[in-house]
Engineer: 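Please read through the structure below; I'll follow up with questions.
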Amino acid sequence: MPPTHLTPTHLTPAKPDAVAPVEAVAPLMRGITVLQRLTEAGGTSSLSALEKATGLARSTVDRIAATLARMGYVRLDGRDAVLTPRLMELGNAYLAALRLPRLLDGRADALADELDESVSLAVGDRDGIRFIHQATRRRAMSLSFRIGDLLPAERTAPGPLFATEWTDEDWTRWRERRAADPEDHGFPAVPPREHPTGDEEFEGRTREATARGCALDDQLIEPGLVAVSVPVRDRGGRIACVVSVVSHTSRHTADSLRDTLLPRLRATVRAMERDLRDAPAQQPAAPAPPAGLATWTGASKHELGREFIESLARGLTVITAFGEGRAELTLTEVAQATGLARATARRALITLEHLGQVAAHGRTFTLTPRVLALGFPPLSRTTLSQIAAPHLAELADRLHDSASLAVLAGAEIQYTARVATSRIMSVNITVGTRFPAYATSLGRVMLADLTEAERDPFLTGLHALTPHTVTDPDALTATLDRVRETGYALVDGELEEGLRSIAVPVRDRTGRVVAAVNVAMHSSRRTVEQCLGEVLPELAATAGRIEGDLRVAGRFARVPAA
């Protein structure tokens, strides 16, 4: 167990010894602490555990949780608080303002494919490094770091490269942190250090990084993990980010990584630097209409009473004022974007600056990498089935019928999430079950999104599963065209006698259908007309909520199906 007097690096104020400014918003500080503790816990924690972890009164934790739930950032599941994908909009604001993932992730992904090794992009975060993009390989031994994870600089390959630009103040802060936390308990993403090394080891690696323009991690984080890193410099010659190729000692030693893969890594970095030079300067985004935040928080306060903390909701929303084309904002611009009074926005910015989420530059403010500590690491590994599960549960609870999510798997559909209802006669399907796509409502809404050429393989070899199954290719094509036009598919007794189901598509950020959700029942439960009048609106609304979460979660992170 870590010593109780230690505070994790990413929870401390920007200036460790600084007392909170008089104008700081205490409820916002407490709310951010709860979010950080939830992040440390992997995204789920009981309210009583949060009470112990934060040292806050239980009534305060309950009010914060209720406020975060109202914002859609947390889901209350019994006695547990669970982070939701919508919270990722805070980290998305930082990544969009940074622009590096959008400009460079394609080249990082291509390098990972070419080398068949994991590739990451990282930025410096005080005396640590924080990942902003991961292109991982699926192996038994694979990279487990997530976007937003914070690592101590001295235990990584990127760390010495960032340290080449540290000031004397930065080095002093690093030494003080090392002295206070020699085992790295303040960095939950890495295992505690069993054999702390002296400061001179990292100082030597930094001098070597200066001379070579690259750096190695030879099992500094944990046995078996090796990496080589090269900096990507901006137009001014400063390090914008660091690219790392990460492997396992079963495939490479640190030296072989440097000797065999470093030339290709350097070539990719040169291309990335050209991309940065050639990228058009950020144009200020058109001022967004006021978010109506004051009206929404007022209504929420009226409905929930003292359980809703307005200052917390308003303070967190200030973070979302930033983004692409809005990397640097003045106080006035933040107030305009959020609809908050200048005085309210100012106090929120002062608080966020004290906590290290915001940096002040004269009259303007920018977000810092520390924003990613607000839930992004655990949520960046969220799957589509995890996103859908709570929405399917709510749908099944409202309709009292089974609800499912499925994806295409070859010529079949595969169930990846499902919520069943308790009935004597119910639809008995489990996650992982596969059925022919052509005979199911789920399959038809996904097939309907395909082009004519893409559909062709699905229209051959059709066989009847019941007397009602459509097996004529022309008839099925006409059916799929209607599904595409209407946006839903209803299948009645074609997969199994007496089984009636209705499905709608789930689309990603690009509008492509990536999955489908349905409600299935025995035909005695509802008529076709009732399915269309009662079930379809609820089903479409549920798909919309899943899509909303998917758009947020998938903006800078990959969302696998399961």
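Quick caveat: nothing in here was measured; it's all calculated off a predicted structure.
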Engineer: Using a distance-only test with no angle check, is there a side-chain donor-acceptor pair under 3.5 angstrom linking Glu454 and Thr451?
Structural biologist: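 The answer is yes; a qualifying pair exists.
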Engineer: Looking only at non-hydrogen atoms, find the nearest pair between Leu87 and Leu35 and report the distance.
Structural biologist: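 The answer is CD2-CD2, 4.0 Å.
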Engineer: Indicate whether the side chain of Ser523 and that of Arg500 have a donor and an acceptor atom separated by less than 3.5 Å.
Structural biologist: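 Judged by distance alone, the side chains do not pair up.
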Engineer: OG1/Thr469 to OH/Tyr438 distance, rounded to the nearest 0.5 angstrom?
Structural biologist: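 It is 6.5 Å, given to the nearest 0.5 Å.
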Engineer: So Tyr415 and Phe435, would you call those rings parallel, tilted or perpendicular, with 30° and 60° as cut-offs?
Structural biologist: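 The rings of Tyr415 and Phe435 stand perpendicular, inter-plane angle above 60°.
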Engineer: Check this for me, if you would: do Asp549 and Arg545 make a salt bridge, where the nitrogen-to-carboxylate-oxygen distance has to be below 4.0 angstrom?
Structural biologist: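 Salt bridge: no.
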Engineer: Would you name the heavy atoms of Leu316 and Leu28 that are closest together and state the gap between them?
Structural biologist: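 For Leu316 versus Leu28, the nearest heavy atoms are N-CD1, 3.9 Å.
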Engineer: Could you walk me through whether Ser385 and Thr416 pass the side chain to side chain donor-acceptor pair (under 3.5 Å) check?
Structural biologist: CA-CA 6 Å; Ser385 57; Thr416 57; 5.3 Å; no
Engineer: Can Glu307 and Arg70 be counted as an ion pair, charged N to O under 4.0 angstrom?
Structural biologist: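 Not counted as a salt bridge, because no side-chain N and carboxylate O are separated by less than 4.0 Å.
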Engineer: If only atom types and distance count, is the side chain of Arg418 paired as donor or acceptor with the main-chain N or O of Ile429 below 3.5 Å?
Structural biologist: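 Here the side-chain-to-backbone pair exists.
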Engineer: Output yes when Asp217 and Arg155 qualify as a salt bridge under the 4.0 Å nitrogen-oxygen rule, no when they do not.
Structural biologist: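 No salt bridge links Asp217 with Arg155.
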Engineer: Give a yes or no on whether a salt bridge exists between Arg555 and Glu89, defined as a side-chain N under 4.0 angstrom from a carboxylate O.
Structural biologist: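 No, Arg555 and Glu89 are not salt-bridged.
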Engineer: Does Asp116 pair with Arg251 as a salt bridge, N-O distance under 4.0 Å?
Structural biologist: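 Salt bridge flag = yes for Arg251 with Asp116.
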Engineer: List the steps, then state whether side chain to side chain donor-acceptor pair (under 3.5 Å) holds for Thr297 with Arg314.
Structural biologist: CA-CA 8 Å; Thr297 55; Arg314 292 176 175 181; 3.1 Å; yes
Engineer: Do you know the tightest heavy-atom contact between Ile502 and Cys531?
Structural biologist: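 Answer, listing the atom of Ile502 first, then Cys531: CD1-O, 4.0 Å.
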Engineer: Looking at Asp508 and Arg551, is there a salt bridge between them, counting it only when a charged N and a carboxylate O are closer than 4.0 Å?
Structural biologist: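 No, this pair does not count.
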Engineer: On a heavy-atom basis, which atom in Leu372 and which in Gly148 lie closest, and how many Å separate them?
Structural biologist: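 Answer, listing the atom of Leu372 first, then Gly148: CB-CA, 3.8 Å.
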Engineer: Is a side-chain N or O of Arg398 found less than 3.5 angstrom from the main chain of Ala393, in a donor-acceptor match?
Structural biologist: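 Judged by distance alone, no pair lies under 3.5 Å.
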Engineer: Using modelled atom types and a 3.5 Å cut-off, is there a donor and acceptor pairing between side-chain atoms of Thr383 and backbone atoms of Ala562?
Structural biologist: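 Checking the backbone N and O of Ala562 against the side chain of Thr383, no donor-acceptor pair under 3.5 Å is found.
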Engineer: Quick one: do Thr433 and Thr430 satisfy side chain to side chain donor-acceptor pair (under 3.5 Å)? Show the steps, please.
Structural biologist: CA-CA 6 Å; Thr433 298; Thr430 58; 3.2 Å; yes
Engineer: Check this for me: does any side-chain nitrogen of one of Asp149 and Arg130 sit under 4.0 Å from a carboxylate oxygen of the other?
Structural biologist: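 So Asp149 does not pair with Arg130 through a salt bridge.
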Engineer: Charged N to carboxylate O under 4.0 angstrom, Asp109 versus Arg558?
Structural biologist: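 Result for this pair is yes, salt bridge flagged.
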Engineer: Identify whether the distance between the nearest side-chain nitrogen and carboxylate oxygen of Arg482 and Glu485 falls below 4.0 Å.
Structural biologist: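 Looking at Glu485 together with Arg482, the answer is no, because their closest N to O distance does not fall below 4.0 Å.
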